[in-house]
Amino acid sequence: MNRQNFLKTLGLGAVSSVVGSSLLTGCNTHDMSAMNMTPGMENMGPSVTEIPFSTPLRFPETITGTSQLTAKSVSDAILPGKNARVLGYRGGMLGPTIRVQNGSDVSLRFTNNLDEESNIHWHGLLVPAEMDGHPTQLVQAGGAFTYTFRLNQAANMAWYHPHPHEKTGKQANLGLAGMIIVETPAERALNLPSGSYELPMVIQDKRLDGNGAPTYNPSIDDVMIGYMGETIIVNGVAGAVQTVSTRMYRLRVVNGSNGRIYNLALSNNAPFWIIGSDGGLLTAPEQVTALLLSPGERADLLVDFGKVAVGTDVFLKSNSFTGATSQGGQAFNILKFTVNKAETDPFQMPATLGTVLPLSTASATKTRLFDIGISMEGMNGMAMRGMHTIGGKTYLSSRIDESVKLGDTEIWEFDNSKGDEPHPMHLHGTFFQVLNRVGGRNALNATEKGWKDTVLVMPGERVRIIAQFTKPGTFVFHCHNLEHEDDGMMLNFRVS
Ligand code: C2O
Ligand code: CU
Ligand code: CU
């Protein structure tokens, strides 16, 4: 059911209200009951406003796996020349990029200098449950905690962000997120573009006030569709430009937005290659001309500027797309590449990349079905919070919703056939493979041929995944639209 029909059913007409919270202004309510009645149309969120692409893209500093991270309020410029209060883990907005070798011991000291609780979840790292940043593992304001674990996984791009229930959307939106790159000898042997030819990027959208400061005040409409902003930023920079040479580049992209999905493409319509997904490299490069990337998902891309004339601009853009009523109608540019130097390219496209041994459905001991489309049951008639449910339930930290036997392989199905909002579904504690998608797009995309931890389930779709659960303990799975997650679209599962 969509928002309008939902409200009609309640006899409320259309609703638009501004409530919510801002850590930066100190107002900290999460009250969804205040409503202004205004006749309205289907909410699509703000359209994107482009600013001139003239600020050099910057890259967060790179740190090792034994470092310090401090969540705090800092000053940084999202818009050129406009310093504003944001949140970050180091000097500016966002956090440093953590580059770690698989097999190494990671020890990251987290200090919380916010005025409310926070924690860190390592999204895309397989860590013990007690180090995962579960919503109950909170670090109080002024407190600290050292996350320690030894990595044992494939090379991939992961990321990190806070996970306190009902505050994740706000803290992430105001600037708390960072990238993680896990390296292995096998991946290095492929000689993929590295150094200045490897460009890690976190793509986000922000709602900026007149001073260029991000604001977070979700209305009921925003909770329905996700908190989208009119300003697209890459690594904290709006209107970013990156100069490149005539050769192959590796773009490592995380969609770090609260609710916005991007349909990544190049303005010259050139094909590009997908070489990796959330959990690591694909078995072989996949050539595409566009890629839908939802919040939480990562894409490891190769982009060839070798045939672009020096002096030419090429934009990384988001093409319009169909399938979601709340977004996709608009195409916009994300970042400008200016090709400014001719260079001979020694790069050879590898024929094979990584290993993705298919998990066999015959080995699955259980199939679990989760209805993730909004239905009136479970909402208790007038409830305005908790509109986003998994199997009719909203998050309760003390309740174990699913019990999984340690070591078992299971099939989970997310059914959004009754819903009309997209839901990027994310599991902690394991990677998974996507088995199939029925309804909607009726197909898997190229990144879904690899290991995933987040999968987009569009309205009308039923998506089946398969995973083996090898980490004991209590983890969450949830929608990675952070407003949906904070609204309760999250459950616990225990592996034992
Ligand atoms: Cu990136 Cu539980 O989230
Ligand atoms: Cu995660
Ligand atoms: Cu959702």
Side-chain angles (χ1 to χ4, degrees), residues 2-3 95 118-127 129 131-137 147 153 156-169 171-173 176-180 202 204 218 222-228 254-261 278-279 293-298 324-327 370-374 386-391 394-395 397 414-416 418-432 451-459 461 463 467 471 474-493:
N2 68 33
R3 178 193 143 274
S118 189
N119 64 359
I120 300 186
H121 167 56
W122 315 97
H123 180 146
L125 298 186
L126 285 182
V127 304
M131 294 293 155
D132 193 51
H134 185 274
T136 56
Q137 300 157 351
Y147 293 90
Q153 63 179 79
N156 77 338
M157 186 202 223
W159 63 303
Y160 59 99
H161 60 76
H163 222 299
H165 187 45
E166 296 182 327
K167 300 189 173 74
T168 299
Q171 293 183 7
N173 195 270
L176 291 179
M179 299 178 277
I180 306 172
V202 46
Q204 298 173 307
D222 294 322
V223 172
M224 284 306 296
I225 66 172
Y227 195 75
M228 283 179 264
V254 44
N255 181 348
S257 304
N258 282 39
R260 194 180 281 282
I261 300 166
D278 304 339
L293 197 70
S294 65
E297 289 187 290
R298 284 88 68 209
T325 51
S326 59
Q327 54 178 311
F370 299 101
D371 184 354
I372 58 168
I374 288 184
M387 287 180 284
H388 299 94
T389 55
I390 301 176
T394 55
Y395 186 64
S397 63
F414 297 112
D415 181 356
N416 196 18
K418 292 201 296 287
D420 71 352
E421 288 299 335
H423 299 296
M425 297 304 297
H426 170 51
L427 270 66
H428 290 210
T430 186
F431 290 108
F432 56 78
W451 288 103
K452 297 285 293 168
D453 56 44
T454 307
V455 65
L456 176 59
V457 189
M458 286 289 246
E461 294 182 353
V463 172
K471 295 274 177 200
T474 300
F475 296 94
V476 287
F477 67 109
H478 59 87
C479 178
H480 218 288
N481 178 311
L482 298 183
E483 283 63 49
H484 294 182
E485 176 186 336
D486 282 342
D487 193 36
M489 197 170 176
M490 173 161 71
L491 297 181
N492 280 313
F493 68 96

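Quick note: numbers below take in every heavy atom, side chains included, and nothing from hydrogens, waters or symmetry partners. Order of listing sets the numbers, starting from 1, for every ligand and every atom in it.
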Practice prompt. Specify whether an N/O/S atom of His480 falls short of 2.8 Å from atom 1 (Cu) of ligand 1.
Written response: yes

Worksheet item: Does the shortest distance from the Cu ion (ligand 3) to an N/O/S atom of His423 fall below 2.8 Å?
Response: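 An N, O or S atom of His423 is closer than 2.8 Å to the Cu ion (ligand 3), so yes.
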
Worksheet item: Does any N, O or S atom in Cys479 come within less than 2.8 Å of the Cu ion (ligand 3)?
Response: yes

Worksheet entry | Vertex the Cu ion (ligand 2), arms to His121 NE2 and His426 NE2, rounded to 10° |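 It rounds to 160°.
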
Discussion item. Using only atom types and a distance under 3.5 Å, with no angle test, would you say the side chain of Asn416 pairs donor to acceptor with the backbone of Val457?
Written reply: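 Checking the backbone N and O of Val457 against the side chain of Asn416, a donor-acceptor pair under 3.5 Å is found.
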
Discussion item. Please check: side-chain N/O of Asn156 versus main-chain N/O of Asp278, any donor-acceptor pairing under 3.5 Å?
Written reply: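 Yes, the answer is positive, given that a donor and an acceptor are paired below the 3.5 Å cut-off.
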
Worksheet item: Heavy-atom distance under 4.5 Å between the side chains of Ser118 and Pro162, does that happen here?
Response: yes

Discussion item. For Cys479, run the side chain to side chain contact (heavy atoms under 4.5 Å, CB included) check against Met490, His426, Met489 and tell me which one passes.
Written reply: Met489

Worksheet item: For the Cu ion (ligand 3), what is the closest N, O or S atom on His484?
Response: ND1

Worksheet item: Does a donor on one side chain sit under 3.5 Å from an acceptor on the other, for His123 and Thr454?
Response: yes

Practice prompt. Indicate whether the side chain of His134 and that of Asn492 have a donor and an acceptor atom separated by less than 3.5 Å.
Written response: yes

Item to complete: Among the N/O/S atoms of His161, select the one at the shortest distance from atom 1 (Cu) of ligand 1 and name it.
Response: NE2

Item to complete: Determine which of the N, O or S atoms in His123 is closest to atom 1 (Cu) of ligand 1 and give its atom name.
Response: ND1

